[in-house]
Protein chains: 2
Amino acid sequence: MSLNRNVSSIASLISDPSRAAILLHLLDGRCHPAGDLAAAAGITPQTASFHLAKMAELGIVTVEKHGRHRYYRIAQASDAEMIEQFLSFAGPAPVVSLRQSDQMKKLRHARMCYDHLAGEAAVRITESLQRAGHLQKDGLQLHVTASGERFFAEFGLDLPQLRKKRRAFSRCCLDWTEREHHLAGALGQGLTERMFAMDWFRREEQSRAVRITQEGMQGMAERFGIQLD
Amino acid sequence: MSLNRNVSSIASLISDPSRAAILLHLLDGRCHPAGDLAAAAGITPQTASFHLAKMAELGIVTVEKHGRHRYYRIAQASDAEMIEQFLSFAGPAPVVSLRQSDQMKKLRHARMCYDHLAGEAAVRITESLQRAGHLQKDGLQLHVTASGERFFAEFGLDLPQLRKKRRAFSRCCLDWTEREHHLAGALGQGLTERMFAMDWFRREEQSRAVRITQEGMQGMAERFGIQLD
DNA sequence: TCCACATTTCGATGATAATGGAAACGTCCA
DNA sequence: TGGACGTTTCCATTATCATCGAAATGTGGA
């Protein structure tokens, strides 16, 4: 009567502080060279390489060689969401420094969750889309309604194209700072991409945090009826 | 930039196969003497005691002394739900034996998730309550509507009493076999208790599985419009 | 009072696994 | 071609931790 092998291996992945630090760093959805991850976790390159090899073997991260660098990233959005969800149980990390608290505020406000937007902004957008009848929640799925089809098309998204991708089209992702759901899947990714293309958001350097621009404020108010401070 | 201490400690709790087996056994919400848990995990009483002490220190389980036995149980429903959710990521365990597959079928059908019903039956009931307009989903909350108030009262639940409990009144709990939400919180517990009182369900011995009675079949059809096989 | 039994504490053992030094490999650049 | 650099592989060290035997604690029953 033992648990699935996977449960234990996934849990032990997170249970090691060094690996947890690496994963947390990778949660921004970007590619990171091994050296950066070592620095982020406070370990030597050898040790980081050891951990990364282990994670790659489990299929949770993938490598891409570019010159003498090897860029790692989380393999699947669903894994990133799993880690995010796990974070939501433990609650936000205890605040140690002012600088950290400031960073946490930014993360809570808006951040990347692998390849889509998370945080207050994402939750509010998702709520707005449901309220407007563009999305309809059904279990862990978020169905796009007929009006939603029109809305997203007008917003500049190519839905048929997004549906073709080999991943969940539209689904919920639990937000660990807001404890609410936000839009994930191909649609979440596409919407996020589009909003970045319109310069509504800009990524902070070296962080998962995302900054909302003036255009973003205005656009969110006009298109989603959301007032963010 | 390291993760919260809790994240690692909780993860390492699950990452050990023996502890995982113990936790899985405790997921039925019942109290279990230490010896039973040792047997369930396939370890000696000493080792089980060691693990249980560690879990108790983290506050994930609590002890109750009765004579020369010490009964352990999962301290909080939210922790049980956390473990259930974690299971949902890894998916169901690989089937090894026919006996196991049979047991899994039962679990998928109806089981206890700490103190409330889970599995297909629970998901269907929750869906039905939403469809009938008695419950309304709002993020992770499930609001009881005015018609819901009447329905539950008529069903024999004392809602004001349930609201008084020092825990979430009504919330979603992700079902790891169905990958859908079911009703949890004080209301989920109360509803489950009431259905057991009406003899709609009966617990299997030594298992989290729950059997539906003839009365249950009939009642579910009449009250919830659900046809379970 | 004595023994059986459930459980814990203590102590020793053994296995596992994270870590970093040394060195090798491959790539970029001069 | 040679050297700097990012990364990995190999290897030895170390620390941690699960495990169990032995013994202690505490409870119930005869």
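Naming convention: chains lettered A, B, ... in sequence-line order (proteins, then strands); numbering from 1 in each chain.
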Tell me, please, which residues at least two apart from A:Arg70 pass side-chain contact (heavy atoms from CB on, under 4.5 Å). A:Val63, A:Lys65, A:Tyr72
Ring pair (Phe, Tyr, Trp, His ring centres under 6.0 Å) involving B:Phe50 - partner list, sequence neighbours excluded: none
Nearest non-hydrogen partners of A:Leu52 and A:Ile22, listed with the distance: CD2-CG2, 4.0 Å
Is a side-chain N or O of B:Arg208 found less than 3.5 angstrom from the main chain of B:Arg111, in a donor-acceptor match? no
Quick one: what's the B/S/- string for nucleotides 19-30 of chain C, heavy-atom cutoff under 4.0 Å, read 5' to 3'? BBBB---BBS--
Ignoring hydrogens and angles, tell me if any N or O in the side chain of B:Ser49 forms a donor-acceptor pair with the backbone of B:Pro45 under 3.5 Å. no
side-chain contact (heavy atoms from CB on, under 4.5 Å) partners for A:Glu193, two or more places apart: A:Gln189
Pairing residues for B:Arg202 by the side-chain hydrogen bond (donor to acceptor under 3.5 Å, both in side chains) criterion, not counting sequence neighbours: B:Asp199
Interface limits on DNA chain D, where chain B has a heavy atom under 4.0 Å of a nucleotide atom: D:dA18 to D:dG28
Any chance you could measure B:Ile83, atom CD1, to B:Leu24, atom CG, to the nearest 0.5 Å? 9.0 Å
Under 4.0 Å, heavy atoms only, any strand: does A:Tyr71 hit a base, just the sugar-phosphate, or nothing? nothing
Atom-pair distance (CZ on A:Arg19; C1' on C:dA17), nearest Å: 9 Å
